[in-house]
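Inspection log for the structure reproduced underneath, given as structure tokens.
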Protein chains: 2
Amino acid sequence: MLHVMPPPLDQATCDRARLARDRAFDGLFFTGVRTTRIYCRPVCPVRPARSENVVFFPSAAAAERAGFRPCLRCRPETAPGSPAWNGTRSTVGRAMRLIEDGFLDRASVSDLADKLGIGPRHLLRLFLRHAGATPSEVAATRRIQAAKRLIDRTKQPLSEIAFAAGFGSVRRFNDAFRATYGRPPSSFRKRG
Amino acid sequence: MLHVMPPPLDQATCDRARLARDRAFDGLFFTGVRTTRIYCRPVCPVRPARSENVVFFPSAAAAERAGFRPCLRCRPETAPGSPAWNGTRSTVGRAMRLIEDGFLDRASVSDLADKLGIGPRHLLRLFLRHAGATPSEVAATRRIQAAKRLIDRTKQPLSEIAFAAGFGSVRRFNDAFRATYGRPPSSFRKRG
DNA sequence: CCACTGGCCGTTTTCGGACCCGGTCCCCGG
DNA sequence: CCGGGGACCGGGTCCGAAAACGGCCAGTGG
């Protein structure tokens, strides 16, 4: 049972992409395994099925209609066109929003993990994998950016801005600016 | 903070036992880690704490009183004298009883796993680790023994005994006897 | 002659390897 | 003290290969 693919997605291309778990093809096609009647995304982490047992579909719906059920590892049914890693991604997304709202300025990473219903170790792993940075790094970046905006757009004293941006002390506020811009906060006021 | 141990359990012995995760010492003493205020059994699977950070207690209660909380991996508070790996071990026990009642004569290993609330793969792992045999092997042994008893103690025709003992076909009944005793079922009748 | 045996064969189940997820410790460095 | 990161483990999800299954049926021997 062969299926015609959208423009340049022939059988051989799909097979190469799936064996390489190529993320670039995620969402562009789906792989059905005849022996198990299960279909997967190209990035599925399980050992790839042998080529003679697979068949390709242009969409998850097509695979469902052909009698395949979605794989429980890669969750192909929740990936219509784009990745949409909703499971774990929404956890990172929720964490991001909380950090953006200043959560980590008043609470610890462990508290954040508690609020999300997972362990701190796992929260760290999720951030490294999906955001490329640790939670505290994200929080630090946010504080710097918030402070920079206040310096540029308001006339508040720097010591007030430090606390308004979420820093716990003026000392850390100054340190952070030196680390990021190489010069103290006041230098941005002078040349404004 | 040093503690006096029962007769021959000096500090050095405890330290050696804990580093070796020696099962023989399980229940005889408990290890408290100063840096985390957590106490463990000697067999705890976690990476052992360094010796300068540990202190030993003769009982879990002593550790509690000293302000330590029980480790969540080895569950020291539920291990007065014996292992009490109750979590996983009782699952195997329940499975064994079900098999003994003929569950696997009418249902598959997957059904058994469902009934126990775990995956079939994991059930297999538990059996190999704690029973030294697979679920279907246990079921096969039970069938053979049940059949042998019926042959010895009744006059039922062999074909009836096959089904009464839990075999699904006479064919397999014969195979099982050949594999176990090297000769067909009827040979046990003749020399009765 | 008839219950029992065992070869054959397509189908279904079980096994065991590989991988991943999330939790729980520990140590170290800032 | 807190956050990062290493190590281990329980448990879950796949896959391919191998074993078990069960129906069919030709022998066979008491």
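Every heavy atom of this structure was used, including side-chain atoms; hydrogens, water molecules and symmetry mates were not.
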Centroid-centroid under 6.0 Å between [X] and [Y] rings:
| X | Y | answer |
| --- | --- | --- |
| Phe68(B) | Phe30(B) | no |
| Tyr181(A) | Phe188(A) | yes |
| Phe167(A) | Phe163(A) | no |

Verify the contact: side-chain N or O of Asn174(B) to OP1 or OP2 of dT5(C), cut-off strictly under 4.0 Å; return yes or no.
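Result: yes.
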Do any side-chain nitrogens or oxygens of Thr134(A) fall under 4.0 Å of OP1 or OP2 in dG3(D)?
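Looking at the OP1 and OP2 atoms of dG3(D), neither is under 4.0 Å from any side-chain N or O of Thr134(A).
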Taking for each residue the nucleotide of DNA chain D with the nearest heavy atom, is it Glu137(A) or Gly117(B) whose nucleotide lies nearer the 5' end?
Glu137(A)
Protein and nucleotides 20-26 of chain D: nitrogen or oxygen contacts under 3.5 angstrom:
unit_1, atom_1, unit_2, atom_2, d
dG22(D), N7, Arg172(B), NE, 2.7
dG22(D), N7, Arg172(B), NH2, 2.6
dG22(D), O6, Arg172(B), NH2, 2.3

In whole Å, I'd like the distance from the [atom1] atom of [X] to the [atom2] atom of [N].
| X | N | atom1 | atom2 | value |
| --- | --- | --- | --- | --- |
| Leu123(A) | dG22(C) | CG | P | 11 Å |
| Phe127(B) | dG10(D) | CZ | P | 17 Å |
| Phe177(B) | dC4(C) | CZ | C1' | 13 Å |
| Arg37(A) | dT13(D) | CZ | C1' | 19 Å |
| His122(B) | dC9(D) | NE2 | P | 14 Å |
| Arg125(A) | dA7(D) | CZ | C1' | 11 Å |
| Tyr39(A) | dT13(D) | OH | P | 16 Å |
| Arg129(A) | dG5(D) | CZ | C1' | 14 Å |

Got a donor-acceptor contact below 3.5 angstrom from the Arg37(B) side chain to the Ala66(B) backbone?
yes
Donor-acceptor pair, Ser187(B) side chain versus Arg183(B) backbone, under 3.5 Å?
no
Residues in salt bridge (charged side-chain N to carboxylate O under 4.0 Å, His left out) contact with [X], at least two apart in sequence or another chain:
| X | value |
| --- | --- |
| Asp152(B) | Lys148(B) |
| Arg50(B) | Glu52(B) |
| Arg16(B) | none |
| Asp22(B) | none |

Can you tell which of dC21(C), dG4(D), dA7(D) lies closest to the side chain of Pro135(A)?
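Taking heavy atoms from C-beta onward, the closest nucleotide is dG4(D).
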Residues in side-chain contact (heavy atoms from CB on, under 4.5 Å) contact with Pro70(A), at least two apart in sequence or another chain:
Tyr39(A), Glu64(A), Pro76(A), Glu77(A)
Could you work out, with side-chain contact (heavy atoms from CB on, under 4.5 Å) as the rule, every residue matching Ala107(B), not counting sequence neighbours?
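Result, side-chain contact (heavy atoms from CB on, under 4.5 Å) vs Ala107(B): Phe103(B), Asp111(B).
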Under the side-chain hydrogen bond (donor to acceptor under 3.5 Å, both in side chains) rule, collect the residues that match up with Arg171(A), sequence neighbours excluded.
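Partners of Arg171(A) by the side-chain hydrogen bond (donor to acceptor under 3.5 Å, both in side chains) criterion, ordered by chain and then number, come out as Asp175(A).
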Identify, with sequence neighbours excluded, every residue that meets side-chain hydrogen bond (donor to acceptor under 3.5 Å, both in side chains) alongside Arg125(A).
none
At under 4.0 Å between heavy atoms, which parts of nucleotides 25-30 of chain C does protein reach? Answer with one letter per nucleotide, 5' to 3': B base, S sugar-phosphate only, - none.
BBSS--
Identify, residue by residue, the members of residues 101-113 of chain A with a heavy atom below 4.0 Å from DNA chain D, and return them in order of residue number, or none.
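Contacts with DNA chain D under 4.0 Å: Ser108(A), Val109(A).
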Quick one: bend of the helix from dC1(C)-dG30(D) to dG30(C)-dC1(D) from 5 pairs per end, to 10°?
40°
Looking at side-chain heavy atoms only, is the closest gap between Thr31(B) and Val55(B) below 4.5 Å?
no
Under 4.0 Å, heavy atoms only, any strand: does Pro120(B) hit a base, just the sugar-phosphate, or nothing?
nothing
